[in-house]
2 protein chains.
Amino acid sequence: MESRIERIKKQLHNANYKLTPQREATVRVLLEHEEAHLSAEDVYLLVKEKAPEIGLATVYRTLELLTELKVVDKINFGDGVSRFDLRQEGAAHFHHHLVCIECGAVDEIQEDLLGDVEQIVEDRWNFQIKDHRLTFHGICWRCSGEAAEDAERT
Amino acid sequence: MESRIERIKKQLHNANYKLTPQREATVRVLLEHEEAHLSAEDVYLLVKEKAPEIGLATVYRTLELLTELKVVDKINFGDGVSRFDLRQEGAAHFHHHLVCIECGAVDEIQEDLLGDVEQIVEDRWNFQIKDHRLTFHGICWRCSGEAAEDAERT
DNA sequence: TTTTGTGCAAAGTATTTGCAGCGAA
DNA sequence: TTCGCTGCAAATACTTTGCACAAAA
């Protein structure tokens with residue numbers, strides 16, 4: 001079977017771009033940290049471990065390119081930085097996120113929960129949906145578990 | 001009946017803050033541009049028309065304060081700036097947005113369409129939802145209308 | 001040789017912070 | 001007088017850009 005990186009290489013070629021060593025290193029970092037929601041700086045530091053000559057600007061340019069090709073999605077959780085998430089292969093839509101306001105953890109929901117809602121929006125607002133962003137802010141199971149334990153102790 | 005600005009004043013006082021002239025001017029600008037999704041810079045320029053002495057830093061500080069008090073919600077549509085939306089009084093949740101990728105218009109959906117989805121997330125992921133952000137990117141009715149007209153002409 | 005991609009440094013934006021002065025309590 | 005608030009300027013943080021050079025087609 002064809003590897004994920006091979007398929008990304010083809011996507012680049014189809015759009016007339018090359019998979020240069022720098023781009024490959026960047027993509028590999030993203031593949032190795034699938035659910036990490038890395039910022040450009042995070043990616044840069046990780047890529048630098050394997051390919052120390054790489055420049056930060058190249059990482060930014062690569063991430064921008066991958067965003068254009070919809071290999072990754074760019075997302076912003078409200079701290080000042082953009083984060084980059086690999087899109088699941090074949091996923092019609094970007095996945096959802098759960099951001100914990102206690103511990104800062106970000107969990108992913110791969111299932112598409114918006115089918116019905118999107119139908120309503122398309123019909124009622126006459127809006128052709130191409131993409132979406134859905135993020136819930138609240139308290140994750142780890143933190144509410146801890147709170148329960150704390151209560152028990154007292 | 002008590003005015004909206006009066007109620008905001010009370011909210012400030014309850015949290016031990018004053019409604020200074022600068023803060024009042026800022027709030028008034030927000031009230032007068034309810035659906036405009038203003039950036040801090042936008043607010044600053046509008047406030048300056050009424051109160052030219054005001055500084056940009058004060059606007060940033062005021063918007064931060066209002067965000068803390070949940071008078072406004074801070075949102076980011078993926079261009080590098082934060083935008084500030086007055087929260088509807090009594091609204092349990094932040095409203096949703098439709099961002100047009102053709103013309104850049106941002107429309108609001110005040111209805112809460114996420115009730116069922118939130119129930120699923122709370123149950124299935126054991127996550128206590130406190131707030132949400134939902135934005136659809138696509139083509140608005142104005143732009144798809146124009147496209148249809150363009151097609152007719154040819 | 002033409003084009004594409006890269007690293008570095010500089011430039012841009014957006015936002016935050018330090019600080020001296022001001023004004024209300 | 002005290003303390004919160006402000007304006008200004010400087011600092012910071014993130015991202016983009018210009019440019020000379022390198023690599024690939």
Side-chain angles (χ1 to χ4, degrees), chain A residues 8-29 37-69 71-85, chain B residues 8-29 37-69 71-85:
Chain A
I8 292 172
K9 185 175 181 176
K10 279 191 185 164
Q11 280 188 263
L12 283 165
H13 286 170
N14 289 342
N16 273 325
Y17 295 109
K18 301 165 200 164
L19 184 64
T20 62
Q22 290 90 335
R23 288 177 184 164
E24 180 167 347
T26 304
V27 171
R28 284 190 189 283
V29 162
H37 308 95
L38 303 173
S39 67
E41 184 87 30
D42 295 336
V43 172
Y44 171 63
L45 292 173
L46 288 165
V47 173
K48 232 172 162 24
E49 290 176 10
K50 311 179 170 189
E53 356 60 67
I54 202 169
L56 178 57
T58 301
V59 171
Y60 271 100
R61 285 187 280 233
T62 301
L63 291 171
E64 190 195 0
L65 179 57
L66 295 173
T67 304
E68 236 170 66
L69 297 180
V71 171
V72 301
D73 284 297
K74 190 175 178 177
I75 193 168
N76 194 302
F77 293 124
D79 54 353
V81 285
S82 294
R83 298 176 180 281
F84 297 86
D85 249 20
Chain B
I8 292 173
K9 185 174 181 178
K10 279 192 185 165
Q11 280 187 265
L12 283 165
H13 286 172
N14 289 343
N16 272 325
Y17 295 109
K18 299 168 201 159
L19 184 63
T20 63
Q22 290 90 337
R23 287 177 184 163
E24 181 168 345
T26 305
V27 171
R28 285 192 189 281
V29 162
H37 307 97
L38 303 173
S39 67
E41 184 86 30
D42 296 336
V43 173
Y44 171 64
L45 293 173
L46 288 165
V47 173
K48 234 174 158 26
E49 290 176 10
K50 311 179 172 191
E53 356 59 67
I54 202 169
L56 179 56
T58 300
V59 172
Y60 270 101
R61 284 186 279 231
T62 301
L63 291 171
E64 190 195 0
L65 178 58
L66 294 173
T67 304
E68 238 170 64
L69 297 180
V71 170
V72 302
D73 283 298
K74 189 175 178 179
I75 193 169
N76 194 302
F77 294 125
D79 54 352
V81 286
S82 294
R83 297 176 180 281
F84 297 85
D85 250 19

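Protein chains get the first letters and strands the later ones, always in sequence-line order, with residue 1 at the start of each.
- Remark: P of D/dC5 and CG of B/Leu66 are 12 Å apart, rounded to the nearest angstrom.
- Listed here is the closest heavy atom pair of B/Asn76 and B/Ser82: ND2-OG, 4.2 Å.
- Atoms CD and OG1, from A/Glu64 and A/Thr67 in turn, are 7.5 Å apart once rounded to the nearest 0.5 Å.
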Q: Take B/Leu69 and B/Asn14 through the test side chain to side chain contact (heavy atoms under 4.5 Å, CB included) and record every step on the way to the result.
A: CA-CA 10 Å; B/Leu69 297 180; B/Asn14 289 343; over 6 Å; no
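- Taking the side chain as every heavy atom from C-beta outward, B/Gln11 and B/Val71 approach each other to under 4.5 Å.
- For DNA chain D, the neighbouring residues in residues 48-61 of chain B, judged by any heavy atom under 4.0 Å, are B/Glu53, B/Ile54, B/Gly55, B/Ala57, B/Thr58, B/Arg61.
- Taking atom NZ of residue A/Lys9 and atom C1' of nucleotide C/dG5, one finds them 16 Å apart after rounding to whole Å.
- Regarding contacts with the backbone of C/dA14, every side-chain N or O of B/Ser82 stays at 4.0 angstrom or more from both OP1 and OP2.
- Atoms CZ (A/Phe77) and C1' (D/dC14) sit 17 Å apart, rounded to a whole Å.
- For residues 18-29 of chain B, the pairs satisfying side chain to side chain donor-acceptor pair (under 3.5 Å) are B/Glu24-B/Arg28, with sequence neighbours left out.
- Going from atom CG of A/Asn76 over to atom P of C/dT13 covers 19 Å, rounded to whole Å.
- Distance CD (A/Glu68) to C1' (C/dG5): 15 Å, rounded to an integer number of Å.
- Going from atom CG of B/Asp73 over to atom CG of B/Leu66 covers 11.0 Å, rounded to the nearest 0.5 Å.
- The separation between B/Glu41 atom CD and C/dG12 atom C1' is 13 Å, rounded to whole Å.
- Applying the ring-ring contact (aromatic ring centres under 6.0 Å, His included) rule to B/Phe77 yields the partners B/His37, B/His97; only residues at least two apart in sequence or on another chain are considered.
- Between A/Leu65 atom CG and D/dT16 atom P there is a gap of 13 Å when expressed in whole angstrom units.
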Pairs of donor and acceptor atoms involving the side chains of residues 42-54 of chain B, under 3.5 Å and at least two apart or interchain, shall be tabulated with distances.
residue, atom, partner, partner atom, Å
B/Asp42, OD1, B/Ser39, OG, 3.3
B/Asp42, OD2, B/Ser39, N, 2.9
B/Asp42, OD2, B/Ser39, OG, 3.0
B/Tyr44, OH, B/Lys48, NZ, 3.4
B/Lys48, NZ, B/Pro52, O, 2.8
B/Lys50, NZ, B/Glu32, OE1, 3.1
B/Lys50, NZ, B/Glu32, OE2, 3.1

Q) How does DNA chain D look in dot-bracket form if you count Watson-Crick and G-U pairs under 3.5 Å, write [ ] for pairs that cross, and put | where a base pairs with another strand? A) |||||||||||||||||||||||||
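- Of all the residues in residues 14-28 of chain B, B/Tyr17, B/Lys18, B/Thr20, B/Gln22, B/Arg23 reach under 4.0 Å from DNA chain D with at least one non-hydrogen atom.
- A/Leu56 CG to A/Arg61 CZ: the interatomic distance, rounded to the nearest 0.5 Å, is 10.0 Å.
- Remark: C1' of C/dT15 and CG of A/Asp79 are 13 Å apart, rounded to the nearest angstrom.
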